[in-house]
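Remember, it's a predicted structure, so these values are computed and weren't measured experimentally.
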Amino acid sequence: MINYNSSASLRAFLEQEGLGMRKKFGQNFLINPAVRQTLVDALDAPNGSEVWEIGPGLGAMTAILLEKGLKVKAFEIDAGFIKILKREFERENNFCLVEGDVLKTWKSRAVKREAEYLFGNLPYNIASAFLADLIEGGCLFKRMVVTVQKEVALRMTASVGSPDYSSFSVLCASAYKVKPLTVIRPSSFFPQPNVDSMAVMLENRNAPAVVPVFFPLLRALFSSRRKTIKNNLSVFCASRFGNSALSARFLQENAINSSQRAEELTPEIFLSLAKSIDNVRL
Ligand code: SAM
């Protein structure tokens, strides 16, 4: 049995296995058992349901998910950790390992709706890109509980008008109700990261699917934050329709004041603006 709760034991275990921790894969193990349990409890997935676990590492969380009777599909990139995961969990019927970069592997797994829940102490270097990729790809879960850098969590949970409100906040809000769960201090990890982390829960809003233009529109409107919505929208309309003047019509249809900036608009306004643009047939 691996002792997941102490830096010294994990260091000794890794040494004995001839393995090391790799910064480029954002490897920080959550060594605080109370926090691990809190996060799995927050996922609140019923017995027998399927969960994607992103970055299982040596399997500290995987073990708890399996104990809860969940079917775990674990996505791991590190060949050394993969070897350990196979050894620890290969006899478990409810465990399935997907080897490789989750940014590349998730799509082939999502063709058929497989999992309702997603869980993970996400590798910090890919956390926001991965979540954005899932949402843009229409791969939505019933509930997700993810641990990310606090700075990323603040962007995910920010509401309109706050300094952290960004295109990523709107993207998350377009599909999920996003709730901060708990701040996790560096001392809860091995090795200790330089910054605080935060666990976040995303509950599916079961909203109608967004129109595809929503995603490039969002990027375009937040691309130059100092510019007004009118300026950014004009550039977007020029490239999409060859007609920058159309922006005035969209602003009017959505009761947006031309001097407003993207960070002043609620997710609902972005969604309705995207619908107006989608309706145009030239
Ligand atoms: N779940 C473990 C825990 O909480 O103790 C480890 C979490 S650690 C922050 C992130 C994990 O994601 C590592 O196991 C790392 O190897 C893995 N990882 C990093 N980049 C990945 C990628 N692109 N695809 C799949 N796994 C990745």
Between [X] and [Y], is any pair of side-chain heavy atoms under 4.5 Å apart?
X: E263; Y: V160; result: no
X: I54; Y: W106; result: no
X: P180; Y: V200; result: no
X: S6; Y: F190; result: no
X: L65; Y: E53; result: yes
X: M156; Y: C172; result: yes
X: D164; Y: T157; result: no
X: L14; Y: L58; result: yes

Pairing donors with acceptors under 3.5 angstrom, does anything connect the side chains of [X] and [Y]?
X: S234; Y: S247; value: yes
X: E253; Y: S276; value: yes
X: S9; Y: N3; value: yes

[Y] backbone acceptor or donor facing [X] side chain under 3.5 Å:
X: S224; Y: K227; result: no
X: R205; Y: S174; result: yes
X: D133; Y: A129; result: no
X: N125; Y: K24; result: yes
X: T105; Y: D101; result: yes
X: R22; Y: D78; result: no
X: N232; Y: L221; result: yes
X: Y176; Y: K142; result: no
X: N5; Y: N32; result: no

Next item on the list: Could you check whether the rings of Y165 and F222 sit parallel, tilted or perpendicular, using 30° and 60° as the cut-offs?
Entry: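 Ring orientation of Y165 relative to F222: perpendicular.
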
Notebook entry, point to check: Near E151 CD, under 6.0 Å, is it more than 12 heavy atoms from other residues, nucleotides or ligands?
Noted result: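 For E151, atom CD is not crowded (no more than 12 foreign heavy atoms under 6.0 Å).
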
Item checked: Neighbour count >12 (heavy atoms, 6.0 Å) for atom CD, Q252 ->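 No, CD of Q252 has 12 or fewer neighbouring heavy atoms, counting only those of other groups under 6.0 Å.
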
Note to self: Can you confirm if the aromatic rings of F81 and F29 lie within a centre distance of less than 6.0 Å?
What the structure shows: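 Yes, the ring of F29 comes within the 6.0 Å limit of the ring of F81, centre to centre.
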
Check: When the ring centroid of W52 is compared with that of F75, is the distance short of 6.0 Å?
Finding: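 Between F75 and W52, which both carry aromatic rings, the centre distance is below 6.0 Å.
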
Item checked: L218 reachable from V211 in the ILVMFWY side-chain graph, under 4.5 Å edges ->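 Same cluster: V211 reaches L218 through Ile, Leu, Val, Met, Phe, Trp or Tyr contacts under 4.5 Å.
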
Margin query: Looking at every non-hydrogen atom in both residues, tell me the closest pair between P191 and Q27 and how far apart they are.
Written below: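 In terms of heavy atoms, the two residues are closest at CD-O, 3.5 Å.
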
Checklist line | Heavy-atom pair with the smallest gap, counting every atom of S7 and I31 | finding: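 So the minimum-distance heavy-atom pair works out to OG-CD1, 3.5 Å.
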
Item checked: Given D44, V51, L202, the one that forms side chain to side chain contact (heavy atoms under 4.5 Å, CB included) with R143 ->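 Single side chain to side chain contact (heavy atoms under 4.5 Å, CB included) partner of R143 among D44, V51, L202: D44.
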
Checklist line | Qualifying salt bridge (Lys or Arg N to Asp or Glu O under 4.0 Å) pairs, either residue in residues 85-95, two or more places apart | finding: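 Those involving residues 85-95 are E17-R87, K86-E99.
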
Next item on the list: Report the residues that fulfil ring-ring contact (aromatic ring centres under 6.0 Å, His included) with F189, sequence neighbours left out, ordered by chain and then residue number.
Entry: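 Here no residue qualifies.
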
